[in-house]
Amino acid sequence: MLVMGMEAWSRIGELRKVAQWYVVYSVMAPFVHGFIAFGLGLIAHYITGFSMGGVVVLAVIAASSSDISGPPTLRAGIPSANPSAYIGASTAIGTPVAIGLCIPFFLGLAQALGGI
């Protein structure tokens, strides 16, 4: 991560043309991933009795999963990709969205649907 961070800083100027799309993706992706997991967890809740608390935890984990595993995976899979984009998008925007917005959102959604 340290090497990726240093390379990201050295290539930060390349982001000027596409930065807005990284911002849009890093705000929307936690909600999209969380909704997918919430839906699957809700199905498991109705079929097997999976708890609504488990549904919320599953959604929050899915919402924040790209924050930790994304940068090293992209580094290994696409070495030519600009780390300024994916490190900045995942850690500077994606993590606060997942923590500050997705946790209360999915908790409220579970309370409205399942009465936690």
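Only a predicted model underlies this, so the values are computations on that prediction, with no experimental measurement involved.
Linking Ile, Leu, Val, Met, Phe, Trp and Tyr whenever their side-chain heavy atoms come within less than 4.5 Å leaves Leu40 and Tyr46 in two separate clusters. In the hydrophobic clustering of ILVMFWY residues, with side-chain heavy atoms under 4.5 Å counting as a link, Met28 and Leu101 come out apart. Hydrophobic clustering (ILVMFWY, side-chain heavy atoms < 4.5 Å, transitive): Val60 and Ile36 are in distinct clusters.
For the atom pair CG (Leu107) and CE (Met52), the distance works out to 9.5 Å, reported to the nearest 0.5 Å.
Qualifying side-chain contact (heavy atoms from CB on, under 4.5 Å) partners for Leu109, counting only residues two or more places apart in sequence or in other chains: Phe35, Phe38, Phe105, Phe106, Leu113.
Contact record, Gly41 with Val55: O-CG2, 3.3 Å, taken as the closest heavy-atom pair. Shown here for Pro30 and Cys102, the closest heavy-atom pair between the two residues is CB-SG, 3.8 Å.
Here the side chain of His45 pairs no donor or acceptor atom with the backbone of Ser51 at under 3.5 angstrom.
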